Structures are given as structure tokens and as C-alpha cells.
Amino acid sequence: MNVPLTTLPAAAMDRVQVLRQLERKLLWLSAWMIHNANHIRPNRDGLKVGGHQASCASAISILAALYFEIARPQDRIAVKPHAGPVFHAINYLFGRQTREKMEGLRQFGGVQPYPSRVKDGGEVDYSTGSVGLGVAMTSFSALMADYVRLHGLGRTDLPPGRHIAIAGDAELDEGNIYEALLEGWKHDIRDLWWIIDYNRQSLDSVVPDRLFGRIEGLFRDMGWNVVTIKYGRKLQAAFAREGGNALRRWIDDCPNSLYSALTFQGGAAWRQTLMADLGRSKARGIIDELTDDELQILMTNLGGHDIETLIEAFRAAAADGDQPTCFIAYTIKGMGLPFAGHKDNHAGLMTKEQMEQFRADMRIRPGHEWDLFEGLDAPAGELRAFLRDCPFATPLTPEGRSLSAPLVPVPPTLPTPKTTGRTMSTQSGFGEILAEIGRGQGDLKPLAEHIMTTSPDVTVSTNLGPWVNRRGIFDRHTRNDVFRDAKLASAQRWGMSPTGQHIELGIAEQNLFLLLGAAGLSPSLTGARVLPIGTVYDPFVNRGLDALNYACYQDARFLLVSTPSGLTLAPEGGQHQSINTPLIGMAADRLASFEPAHVDELAILLRHAFDFMQRPDGSAVWLRLSTRGLDQPDRRVDPTAVIAGAHWVVPPAVGARVALAYQGPVAPEAVAAFAELAAEEEGAGLLAITSPDRLHAGWLAAQRARRAGDPSARAHIETLLAPMAPGSALVTVLDGHPAAHAWLGGVRGQRIVSLGPDHFGQSGDIPDLYREYGIDTDAILDACAQALLTL
Ligand SMILES: Cc1ncc(C[n+]2csc(CCOP(=O)(O)OP(=O)(O)O)c2C)c(N)n1
Ligand SMILES: [Mg+2]
């Protein structure tokens with residue numbers, strides 16, 4: 001539907017005047033912030049600073065309508081990345097942002113180019129920057145809001161809010177948007193708005209015509225309400241006149257690129273083109289009476305720049321109910337700036353001369369660029385009162401927008417399956433421990449109630465099945481398990497209800513990570529402590545990697561369990577083998593990664609994960625698990641060492657010449673090789689590595705601490721390797737890229753041979769594959785010989 005022309009009540013008209021003033025201010029501040037960063041501030045390294053004045057200008061009215069009129073404190077908003085400066089300017093007007101930070105845009109300690117939860121503070125609901133992800137994230141936070149409410153986990157004193165994304169139109173080119181749309185439809189999400197800044201431009205170009213007809217249809221098919229905000233009031237008034245229909249038809253038929261070019265060229269070009277096409281029609285009467293400037297104003301009066309039209313559309317949708325709604329707001333990229341409509345304007349910056357002209361138009365005196373109300377007509381008192389009375393000006397809570405949640409107590413140990421004499425994989429151990437927690441007995445009850453699990457269609461094959469049988473599947477509506485009702489035998493009892501604790505996703509790994517991101521931000525977004533666990537096949541972490549990075553970048557807290565992994569899944573197929581994931585785990589910030597070999601280590605790490613993801617100085621956690629059954633040792637391991645990344649299975653003698661280290665399911669090959677090695681090399685050590693990531697992080701931290709003047713700082717790995725002789729040999733093996741261990745040689749200057757596959761892709765059984773890729777017992781012994789020989 002196109003929004004009809006109606007009249008706002010008289011009091012609201014005054015508000016509109018003030019809003020127009022504030023729009024001017026946002027246009028000025030956002031453009032100036034970027035100009036200041038590029039042209040005024042000293043530049044020490046000669047690098048381009050950059051910024052997006054045109055992207056900001058495009059979204060000014062949308063953000064103004066939303067933040068100054070429509071949004072309520074409880075709403076959560078993802079702002080299009082390149083409109084970051086507009087968002088900061090809004091907060092500046094609300095008194096929630098400082099001039100210093102804005103002067104420091106893109107500078108160390110200043111506001112970030114794109115809104116960042118972690119670095120820009122509590123006003124930012126969602127970080128954005130990787131296009132498409134912030135938009136989709138809102139649909140998962142809408143789902144989580146329902147989850148938290150229906151489980152009684154959140155703050156009952158706060159009203160439910162709406163989840164809103166302001167999206168660039170090119171964001172809809174990202175496939176993750178459509179994955180999220182499908183998933184959202186399945187989960188019947190609500191209270192979700194996506195407002196598309198439809199400037200028909202992306203970074204490189206003008207977007208193809210007719211595309212949005214298709215996209216609109218897609219949204220409708222997914223159960224969304226679609227509101228097209230195409231024309232502003234001036235154009236609507238012109239359409240109502242004689243000849244107006246012809247003008248409207250002309251606009252509707254006009255290719256995007258021509259519209260953009262004419263916008264850039266201005267009134268005379270509009271007149272020439274319109275007269276050529278419409279000179280003989282009644283529309284001529286509309287055109288003739290306007291000056292060139294007036295004609296430019298009319299033809300660029302699109303709905304997304306008309307604050308009254310926007311407000312009406314938003315109000316109407318809000319009154320309509322909680323159906324997800326997509327607004328397609330027609331805009332012009334760079335509206336109000338000299339490069340409006342130019343296809344190359346994405347990263348275009350006003351020149352100093354253009355800025356001086358713009359400053360004069362905005363009536364900003366030199367030295368008063370940051371003054372709140374400089375250059376505006378309305379009295380400062382009136383503007384101040386207006387801002388104070390905006391619904392969004394009320395703080396959500398006395399602590400601000402970023403909420404917090406009480407900690408969930410984690411028992412000192414988790415119920416560990418009896419492993420003595422059993423052959424068991426870490427994956428099945430994980431399933432058993434979680435199922436046991438799922439009983440919710442005794443001190444496990446709070447933990448069981450706060451865990452939420454999710455999986456992209458690999459729930460059963462990653463061993464979440466028993467937990468799900470106990471805790472049920474989440475759905476806003478209660479749905480019976482048809483197989484169960486029909487008394488058909490199945491190991492999975494999957495009734496769905498609002499109290500279920502597993503969110504079943506379709507196969508789309510980006511959705512998994514977006515949901516883990518949204519769930520992992522629950523304390524801050526909803527005041528609820530949710531302990532999210534997501535399971536996925538290890539190789540397919542790569543499929544969702546940007547969304548995983550995105551979740552960690554925002555400091556979301558969750559547990560990722562990836563299984564099966566490596567070559568060890570052997571006959572399950574070469575395509576499913578993963579070799580790069582241990583390196584990803586090491587390099588990912590705000591993600592602590594582990595790979596236990598045995599179930600006792602797993603139990604320690606799982607417990608640690610529940611604790612670590614709740615700690616202010618903690619992070620998300622990743623466990624890489626395997627389906628290979630291993631004989632479980634009867635032993636006591638030191639939890640601190642397992643968490644720090646490694647423990648000696650056989651400690652080396654002082655002055656030992658060699659040690660062998662293994663990680664994960666290659667343990668039996670390492671143990672067998674060690675038995676032969678130890679027979680020849682007295683004092684050799686056998687090290688179980690549970691986390692190259694933690695070992696490496698600890699080593700870096702100790703080096704930093706020593707450089708900072710603390711000579712006593714020692715990393716766990718330094719302590720572990722200390723007994724070994726200087727220049728001794730280290731042989732390591734993992735079912736993953738050997739670079740994950742190669743750095744260990746640098747800790748004490750040891751000679752190192754690291755084994756691990758650097759190729760993959762053959763199906764086979766473990767003996768064949770371990771031999772082929774050089775991680776079997778023979779390969780380990782050869783490596784030991786090589787390492788010792790060259791000593
Ligand atoms: C995943 C990803 N790919 C590429 C980019 C680089 N990039 C930044 S903005 C942009 C186009 C944005 O166009 P649109 O969403 O229409 O924004 P607007 O026109 O409002 O600036 C691209 C490709 C990015 N930020 N993220
Ligand atoms: Mg665009």
C-alpha cells in the first residue's frame with residue numbers, strides 16, 4: 001500500500017516544524033563529523049579516513065521520525081552501518097553522546113565508523129557493519145524476546161518492545177536476509193520492523209529496476225506486511241492535480257539510474273526530460289509553474305524524506321498489530337548534499353569548497369559547528385523541551401539501555417558419565433552430560449532452566465536428542481508430536497510448546513550464529529540470563545563464520561559445540577572434513593576454544609564454559625568434539641591445567657630431550673607412539689593439549705606482562721615446558737592444521753615437528769586416512785626420529 005495523504009492534527013503540525021529543524025541538524029552534524037575527520041583533524045599517516053556523507057543523508061528523515069517520534073525506550077534498533085554518524089548525532093541531541101567522541105569519529109577512542117555495542121557504549125543495541133547481519137539479527141532477537149518472556153526469565157517490569165532494523169537496500173542482496181526470513185516465518189516471529197532506506201544505490205552502482213517488486217513479494221510470502229512509502233506530500237499533492245496521473249506514471253516507469261542522474265543534475269535537467277516526455281500532456285501545467293529549484297524539490301520529494309509521511313506510515317503499522325512489517329522507504333542517496341543521486345557518491349566526501357557552501361546554507365558560524373542548535377529557527381528552549389519530551393528520551397532503566405542479569409550458579413562439578421572401562425567419544429559424552437543436566441535435579445536445576453539449545457537441523461546427529469527429549473522444543477504455540485500421538489516408535493519425542501528449551505533451526509549456519517548472538521546478548525537486551533548452546537558440524541562453522549565473528553564482536557556469550565570434526569569423521573565423507581577450524585578458534589577474538597580428547601576433560605571444560613560465559617571478563621566458548629570412541633582413562637586430571645590448555649599425561653623428567661603432545665581424538669595414536677618412544681628415550685613426556693588457543697593467549701599475555709615490567713609473569717605453557725632440556729625436541733599431533741601447534745617451538749626455542757593434515761577430502765576409515773595424511777602412529781614415530789636426529 002502507498003500511504004494516503006491525510007492531515008496530521010494541528011498540534012502535530014508544530015511538532016513537524018520542529019522535526020524538520022532537527023533533521024537539518026542531523027544532516028549538518030553527520031556531514032560535519034565526517035568532514036572534520038577527513039579535512040580538519042590532523043592526519044598523521046596520510047591514510048584515507050573516509051566516511052559516508054551520502055549514506056547518512058539518505059537516512060536522516062527515517063532516523064529522525066523513528067528516534068524523535070515513534071520509538072519507545074523498550075524498542076531495540078539496529079542502525080544501517082553507514083548511518084552511524086546520524087545515530088551518534090541523535091544521541092548528542094539527547095545528551096547521551098559527547099562532542100569529543102564525535103570529533104574523534106574513526107579515531108582511536110572516538111566513535112566507531114559503524115555503531116558498535118562494545119566500543120560505542122550502551123546506547124547501541126546492535127553492532128552493524130557487515131551488511132545484512134544487523135538486519136537479520138533483529139529477527140532473532142524478536143524470537144529471543146518471546147522465548148525469554150514465555151520462560152519467565154526476563155525483567156517483568158519492562159514492557160515488551162519492538163525490534164527494528166534500518167537497512168540499506170543493498171543489504172537485501174545478502175543471502176543471510178532470506179535465510180532469516182524463512183526461519184522467522186517458521187517461528188511466527190512478531191514485533192519486528194525492517195525499514196529499508198531504498199535509495200536504489202549500493203556501493204558501486206544503482207540497483208536494477210524491478211528488483212523491489214520481487215523483494216516485496218518475498219516479504220509477503222513470508223507473512224510480512226509490506227508498506228511502500230514512495231511519495232512525499234508535495235508529490236502526492238501534485239498527483240491529485242490535473243495531469244498528476246501522467247506525472248505519477250512517468251515516475252513509476254522511470255529507470256532508477258535515470259532518476260538518480262536527473263536528481264544529481266537538478267531542476268533544469270528534470271524540466272528538459274519531463275518536457276520531452278510529458279510536454280504534450282496535462283502534466284505540463286504542473287511543471288510549468290515551478291522554478292528549476294522548485295521542480296528539483298518536487299521531484300526529490302520521495303516518501304523516505306518526508307517526515308510526516310514516514311510518521312504516518314509507522315503509526316499506522318504500529319496500530320495494526322504485531323505482524324512483522326517491512327517499510328520500503330524511497331530515498332535519494334546524498335539528499336540535500338551536492339552529490340545527491342550521483343552513482344559514485346557512496347564514499348564521496350564534500351570538498352572544502354562544497355562544505356563552505358553547505359555551511360552557509362545551514363547558517364553555521366565558524367567555531368560553532370558543534371553547537372546544539374546553531375543555525376536553527378526554533379528557539380533553543382523549544383527544541384530542548386521537544387527533545388526532553390520525546391518518548392525515546394526517557395531512559396529504559398536508571399542504569400540505561402544495557403541491562404544485566406543475575407548469575408546462574410554452576411555446581412562445582414557436572415554429572416560425569418561413568419567412563420571407566422568404556423569406549424566413548426567426546427560427542428556422546430557431551431550428549432550424556434547435557435541429558436543429565438536436563439533432569440534438573442538438585443543444584444543442577446537453575447542451570448537446566450537457563451540453558452537454551454539450538455541447532456541447524458543437526459540436533460540428533462550432534463547428540464542433543466536426549467536433552468531435547470527432556471526439555472522439549474520451543475514454539476510460541478503448543479504443537480503435538482504427531483508420531484508420538486500416533487504411537488509410532490521414535491527415539492525423539494519432539495512436542496513443541498512455549499516452555500520448550502530447544503530452538504530447532506533449518507539448515508542455515510548463519511542463522512545459528514545470529515541466534516546464538518541474539519541469545520548471547522540476552523542479559524543486556526532483556527535482562528535475562530540465557531545460557532545458549534549451539535551445535536553444528538565442525539566444517540560448517542565456516543559457512544556461518546561471518547555471523548560467528550559478528551556475534552563475538554558484540555561480546556555475545558554462548559557455547560558453540562562443533563562435531564564431528566577433522567578427518568576423524570572418516571567415512572562420513574571428505575566434504576565434511578575440517579582442517580582449518582582449530583586455527584579459527586585461535587584467531588577468533590572473544591571466543592575461547594577447546595578440543596578435549598577424553599570425557600573427563602570434556603566435563604571440566606563444559607562446566608568451565610557455563611561459568612566463563614557468565615563472567616564479565618569471560619567470553620563465548622567453543623568445544624570441538626569428535627565421534628571417535630576412545631578408551632577412557634581412569635585418572636584424576638587437574639581442572640586448572642585442562643582449562644589453561646594442556647596437562648602432562650606423563651610428565652617429562654628434568655632435562656628430558658623429547659616430548660610428544662597430542663590434541664583431540666588422535667590420542668590413541670600418540671599414546672601408542674609414546675610407548676615406543678619412552679622405551680628408547682628415558683624421561684620423555686606426553687602432553688595432552690586441550691586448547692592451543694588458551695595456551696597461545698596465555699603465552700602472549702605473559703610476554704606482554706613481562707614487557708610491562710613484571711618479570712615473574714609465566715604462561716602455563718612456559719611452566720609446562722620448563723623441565724625440558726634447552727633445545728629439546730617437541731613432536732605434536734592434532735586432527736587439524738599443524739600450524740595450530742607450530743608456534744609451540746617458539747616458547748622455549750625448541751625444535752618442533754608438528755603433524756596434522758594440510759590437505760583433506762578423502763573418504764576412508766581412520767587407519768587409511770591417518771596414514772594418508774600423516775597422523776598415524778608410524779608418522780608420529782618418524783617425526784620423533786626426525787626431531788631427535790637433528791638435535
Ligand atoms: C558483508 C559486507 N560486504 C561488503 C561491505 C562493503 N559495503 C559497505 S556498504 C556497501 C553497500 C551498501 O549499500 P546500501 O546497503 O544500499 O547502503 P546505502 O546505500 O544506504 O549506503 C558495501 C558493499 C560490507 N560492509 N559488508
Ligand atoms: Mg542503498
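If you're wondering where the values come from, they're calculated on a predicted model, not measured in any experiment. Count residues from 1 along the sequence. Order of appearance sets the numbers: ligands from 1, and atoms from 1 within every ligand.
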* **Phe339 ring center within less than 6.0 Å of Phe264 ring center** => no
Can you tell me how the ring of [X] sits relative to the ring of [Y], calling it parallel under 30°, perpendicular over 60° and tilted otherwise?
{"X": "Phe540", "Y": "His576", "result": "perpendicular"}
{"X": "Trp194", "Y": "Trp224", "result": "tilted"}
{"X": "Phe327", "Y": "Trp193", "result": "perpendicular"}

* Pairs in or reaching into residues 127-139: which pass salt bridge (Lys or Arg N to Asp or Glu O under 4.0 Å), with residues at least two apart or in two chains? -> none
* Structure fact -> Applied to residues 107-138, the ring pair (Phe, Tyr, Trp, His ring centres under 6.0 Å) test, sequence neighbours excluded, yields His82-Tyr114
* Every N, O or S from the protein that is nearer than 2.8 Å to the Mg ion (ligand 2) -> Asp169 OD1, Asn199 OD1, Gln201 O
Between ligand 1 and the protein, which N/O pairs are shorter than 3.5 Å?
residue: ligand 1; atom: 15 (O); partner: Ala170; partner atom: N; Å: 3.3
residue: ligand 1; atom: 16 (O); partner: Asp169; partner atom: N; Å: 3.4
residue: ligand 1; atom: 16 (O); partner: Asp169; partner atom: OD1; Å: 2.5
residue: ligand 1; atom: 16 (O); partner: Ala170; partner atom: N; Å: 3.0
residue: ligand 1; atom: 16 (O); partner: Gln201; partner atom: O; Å: 2.8
residue: ligand 1; atom: 19 (O); partner: Asn199; partner atom: OD1; Å: 3.3
residue: ligand 1; atom: 19 (O); partner: Asn199; partner atom: ND2; Å: 3.0
residue: ligand 1; atom: 19 (O); partner: Gln201; partner atom: O; Å: 2.9
residue: ligand 1; atom: 19 (O); partner: Lys333; partner atom: NZ; Å: 2.8
residue: ligand 1; atom: 20 (O); partner: Lys80; partner atom: NZ; Å: 2.7
residue: ligand 1; atom: 20 (O); partner: Asn199; partner atom: ND2; Å: 3.3
residue: ligand 1; atom: 21 (O); partner: Ser55; partner atom: OG; Å: 2.6
residue: ligand 1; atom: 21 (O); partner: Lys333; partner atom: NZ; Å: 3.0
residue: ligand 1; atom: 25 (N); partner: Gly129; partner atom: O; Å: 2.9
residue: ligand 1; atom: 26 (N); partner: Val131; partner atom: N; Å: 3.1

* Straight-line distance of His163 NE2 to Thr138 OG1, nearest 0.5 Å -> 8.5 Å
* Quick check: does any side chain N or O of Glu171 sit under 3.5 Å from a backbone N or O of Gly168, one acting as donor and the other as acceptor? -> yes
* Asked: Is it true that Glu183 and Lys186 have a side-chain N and a carboxylate O under 4.0 angstrom from each other?
  -> yes
